[in-house]
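The next block holds one structure in the form of structure tokens; read it before the comments.
Everything numeric in this text was worked out from a predicted model, so none of it was measured.
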Amino acid sequence: MSREREEAWLQEQTRVDEVIGLIGQSIAGLEQEVGKVRGEVVSIRKHFWDDVSINLSNSSDLIETYSSMKQQAEVLLEREFRHRHSSVMLSRLTRLIRSPYFGRIDFKEDGARGAEEPERIYLGIASYLHEESGLYLVYDWRAPISSLYYDYSPGTAAYTTPEGKISGVMELKRQFAIQDGSIRLMFDTNLMIGDELLQQVLSRTSDAQMKSIVATIQKEQNRIIRNDDKRMLIVQGAAGSGKTSAALQRVAYLLYKHRKTLRADQLVLFSPNPMFNSYVSTVLPELGEENMQQTTLQEYLEHRLSSQFAVEDPFTQIEYVHGEVHAPGYAARINGIAFKSSLEFLNMIMAYRSLLEREQMRFHSVCFEERVLVSAEQIKEKFYAYDPSIRLVNRMQLLREWLVASLKSFAETAWKEAWVEDEIELLDSDDYQRAFKQLKVKNKKKRETFKDFDKEKELLSKMVIKQRLRPLLDDIQSLNFIDIVSLYKQLFADESLLMQVAGDADALKALPEDYQTICQMTVHRLESSELAYEDATPFLYLQELMQGFQVNTSIRHVIVDEAQDYSPFQLHYLKQLFPRCRMTALGDLNQAIYAHASILSSFDPIVELYGAEETEIIRLQQSYRSTREIVEFTRGMVAGGEAIEPFNRSGSKPQVTIADNESELQKRIIDNIRMLQLEGYASIALICKTAQESRDVHQALKDMLPVHLIASPSQNFVKGIVIIPAYLAKGVEFDAVMIYNGSKQQYSHERERKLFYTACTRAMHHLHIFTLGEPSPFITLQGEETYLLS
């Protein structure tokens, strides 16, 4: 180390020591503040009524009592606010003291005098203001000026503030790795983000949860994070390009930039599965922000439909696609999945709605016990008696009002029926007491006395009728008299109806050749109270068209991860569900592993959601997760893979091992896992094709190795050795990956290409493919120099 560099290192370490000392003082003061205010809050709550003067004798005393209560409540509210604010600040500084900052830029703004020193800006995960001097000793990485660090090399630079653009010259860009108060790494760089620091981060072992690495955000990732212009942002990112991490840091940035108007509960992440939610759950808290809402599309579908159907999930569907190739009707099911996921089918549903305004509407009869109060045919006649120019949803509202009135008419006479008296006999004492109070109030208003037995009986009878009719009234209010199941089923059961809905010749051409088989399969499942995954969104969409959309206007931003796994129909539905939101869609077309993926050959359907003018697409081509050798091997498996750029981090070439039988295959896998453990790999994944294969392999290996089976999307991600199907591993990374059986027999069809690619790209440092017999063509078609064969 040169003397000049050694002096700079010592100066920076001195500053680190000073900043940590000041942060420590602030933490000590905040700890006292939090403890003191917490005690005050507890005391006020405990003695709230002791300090309130209560006197209700007259109006002036009442006003004084109200004023006393209001004053005490305001004191409590103020103390609780102080406690929350101090606690948040304490938590932020506790994170900051471990590593106060990671970067420094020296920036001289245009117009500054030549003799003036450039402003030194130190960047960390949160800002730190020294109250005595009024200076920011650390700037939050999301502050406008911090974008200089991510976007520019030393030289001419500029950043944007709410007041406008500020230009100047960046004279120095320095990067740090600070651990426990000591500078472990420091260097000046002309690069966007120094390779040396990124190399250090990427060479670490993976963790059970995704970590936030704001120190190594790249320029193209920073564009994603700070993009706040368009309503739709689409990120096409290669495997391991950091798109999910950038999206979560984007959430933190939006919460920082719009902190006065945006809350964490106004953002929602649609993730691939519940396991992935646990994997990313620590990123925002590490950045000092509350976690946003996290869900999956399947959870929403089940929330809306599970009371009517057993709703298939996407993982059961993909198990069928890859595990039941020889099942009867397989080709028809695959074609049906593709068709029902398309915008053509969405247009058919819309045309069907228009047809139903004129004919073919289906209703349930309104029944009480076994008595038909209003028949389905009567409801249908009433519906079509309304003026045809009235919108369908408005006609449904009129129909609801008519049925409510019909129910009330029935209630007016039904209380005299004999069965009601039998019900009265079953009432308990509380019911009688409640009726007595109601009648007493009613008679008092009429200045009558409670002596009339007939009036008591009438009141009790009407109370019984009201209780018994309540569920039926709720059903009417919820528009459950519309027979949605029959409406959806008749679309597939009536071929002439289908022709009417399809309309022109072009629409008919969009129908699969085996559409009749698809119709039969759909009707059969509906009659069994089952809803295939490909039917769930269209069914719910039809229901919303009939009953009115249940929109959520409080959500301001939706992040859709693995957007390539959503059908055009599903994406359109999400737009309808959140009409006021902005959207960020992240995906990789090369990892489109679901059956409808062939439809989404580009992101054009997503662009169409809000239009080209309101949409921006950012492409991330550099892959950071895997070593150069793994990327050079895997990118040849997919179309356009030559554009994927590996980061300059070297490792061993992927290995391919051929076994003659399953016993030999498992022995070699066990030996390889033990070797990897000795080499210090913390997370090792044995990736299988399906959940069933994962369960079989786990059964075979569990007595020889401490392996964890992850075969369900509801499980949490864990470190160690995991056995997992490829589709559940998507979005997650491991130190070492082994493919259980990458043979030609397992992976040779075109529909399996992207699944195999996805499995291989989970590896950070080590990839080993075992095959039972001849290797998959997805391996052998790669250059022989890209892997080692044994």
Side-chain angles (χ1 to χ4, degrees), residues 204-208 275 319 322-323 625-627 629-630 633-634 651-712 715-730 732-747 752 755-776 778-780 787-790:
R204 296 173 186 163
T205 58
S206 69
D207 207 334
M275 184 187 74
E319 281 284 315
H322 292 292
R625 174 188 298 136
S626 305
T627 61
E629 289 76 10
I630 293 173
F633 171 68
T634 56
S652 58
K653 288 184 179 181
Q655 292 179 260
V656 178
T657 298
I658 302 174
D660 293 330
N661 54 65
E662 195 145 14
S663 177
E664 180 190 350
L665 180 79
Q666 292 173 1
K667 182 181 182 303
R668 292 198 176 198
I669 286 173
I670 291 169
D671 291 342
N672 191 62
I673 289 175
R674 287 172 176 161
M675 181 192 69
L676 292 171
Q677 287 179 308
L678 289 174
E679 292 178 8
Y681 288 108
S683 66
I684 302 169
L686 182 56
I687 299 182
C688 300
K689 185 178 180 181
T690 64
Q692 185 56 54
E693 184 182 55
S694 300
R695 284 189 283 268
D696 294 341
V697 174
H698 179 259
Q699 185 66 29
L701 302 185
K702 67 179 183 178
D703 294 332
M704 290 171 277
L705 290 169
V707 291
H708 303 280
L709 173 65
I710 299 179
S712 165
Q715 292 175 252
N716 286 338
F717 185 72
V718 294
K719 288 189 73 171
I721 309 166
V722 300
I723 299 174
I724 186 171
Y727 55 83
L728 284 184
K730 188 152 62 70
V732 186
E733 60 189 25
F734 304 89
D735 294 330
V737 164
M738 289 170 290
I739 307 299
Y740 180 72
N741 182 9
S743 66
K744 181 179 180 179
Q745 184 179 4
Q746 281 284 76
Y747 298 97
E752 295 158 343
L755 186 71
F756 189 70
Y757 170 78
T758 299
C760 292
T761 55
R762 300 308 93 202
M764 292 177 64
H765 311 297
H766 177 89
L767 174 62
H768 199 145
I769 304 170
F770 294 85
T771 81
L772 191 57
E774 185 181 351
S776 163
F778 306 140
I779 299 172
T780 56
Y787 64 96
L788 300 173
L789 182 63
S790 61

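- Qualifying side-chain contact (heavy atoms from CB on, under 4.5 Å) partners for Asn661, counting only residues two or more places apart in sequence or in other chains: Ser663, Glu664.
- Taking both residues in full, the closest heavy atoms of Ala736 and Leu676 are given as CB-CD1, 3.8 Å, listed atom of the first, atom of the second, then distance.
- Counting only distance, with no hydrogens or angles, the side chain of Thr634 and the backbone of Tyr757 share no donor-acceptor pair below 3.5 Å.
- The structure places CG of Leu665 at 9.0 Å from OG1 of Thr657, a figure rounded to the nearest 0.5 Å.
- Under the ring pair (Phe, Tyr, Trp, His ring centres under 6.0 Å) criterion, Phe633 pairs with Tyr787, not counting sequence neighbours.
- Looking at Thr771 and Val656, their side chains come closer than 4.5 Å, going by heavy atoms from C-beta outward.
- Applying the salt bridge (charged side-chain N to carboxylate O under 4.0 Å, His left out) test to every pair with at least one member in residues 680-690, sequence neighbours left out, gives these pairs: Lys689-Glu752.
- For Gln692, the side-chain hydrogen bond (donor to acceptor under 3.5 Å, both in side chains) partners are Arg695, Asp696, not counting sequence neighbours.
- Atoms CD and CD1, from Gln746 and Ile739 in turn, are 11.0 Å apart once rounded to the nearest 0.5 Å.
- The side-chain contact (heavy atoms from CB on, under 4.5 Å) search around Lys667 returns Asp671, not counting sequence neighbours.
- A distance of 13.0 Å separates CD in Gln699 from OG in Ser694, rounded to the nearest 0.5 Å.
- Ile687 has its side chain within reach of Arg762: a pair of non-hydrogen atoms, C-beta onward, lies under 4.5 Å apart.
- Every side-chain hydrogen bond (donor to acceptor under 3.5 Å, both in side chains) that Glu662 has, sequence neighbours left out, goes to Tyr740.
- Using a 4.0 Å cut-off between charged side-chain N and carboxylate O, Glu733 and Arg625 make a salt bridge.
- Note that CZ of Phe778 and CG of Leu755 are 9.5 Å apart. Values are rounded to the nearest 0.5 Å.
- Annotation: ring pair (Phe, Tyr, Trp, His ring centres under 6.0 Å) contacts of Tyr747 (sequence neighbours excluded): Phe756.
- No side-chain heavy atom of Leu686 sits less than 4.5 Å from a side-chain heavy atom of Ile724.
- With sequence neighbours left out, the side-chain contact (heavy atoms from CB on, under 4.5 Å) criterion links Ser652 to His766.
- For Lys744, there are no side-chain hydrogen bond (donor to acceptor under 3.5 Å, both in side chains) partners, not counting sequence neighbours.
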Dump the intermediate steps for side chain to side chain contact (heavy atoms under 4.5 Å, CB included) on Asn741 and Glu693, then the final yes or no. CA-CA 10 Å; Asn741 182 9; Glu693 184 182 55; 4.3 Å; yes
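- Annotation: the span from Met764 atom CE to Ser683 atom OG amounts to 7.5 Å, rounded to 0.5 Å.
- Looking at heavy atoms from C-beta onward, Pro654 lies in side-chain contact with Glu629 at the 4.5 angstrom threshold.
- Partners of Thr780 under the side-chain hydrogen bond (donor to acceptor under 3.5 Å, both in side chains) rule, at least two apart in sequence or in another chain, do not exist in this structure.
- Residues passing the ring pair (Phe, Tyr, Trp, His ring centres under 6.0 Å) test with Phe770 are His768, sequence neighbours excluded.
- A distance-only check finds a donor-acceptor pair linking the side chain of Glu319 to the backbone of Ala691 [under 3.5 Å].
- For the pair Ile684/Gln677, a side-chain contact is recorded, criterion being any heavy-atom separation below 4.5 Å from C-beta on.
- You'll find the side chain of Ile721 stays beyond 4.5 Å of the side chain of His708, heavy atoms only.
- By the 4.5 Å heavy-atom criterion applied to side chains, Ile658 and Pro775 are counted as neighbours.
- Val707 places none of its side-chain heavy atoms less than 4.5 Å from the side chain of Val722.
- Remark: side-chain polar atoms of Asp735 are paired, donor with acceptor, to backbone N or O of Ala682 under 3.5 angstrom.
- Remark: Ile779 CD1 to Ser743 OG distance equals 8.5 Å, nearest 0.5 Å.
- Applying the side-chain contact (heavy atoms from CB on, under 4.5 Å) rule to Ile670 yields the partners Arg674, Leu701, Met704, Leu705; only residues at least two apart in sequence or on another chain are considered.
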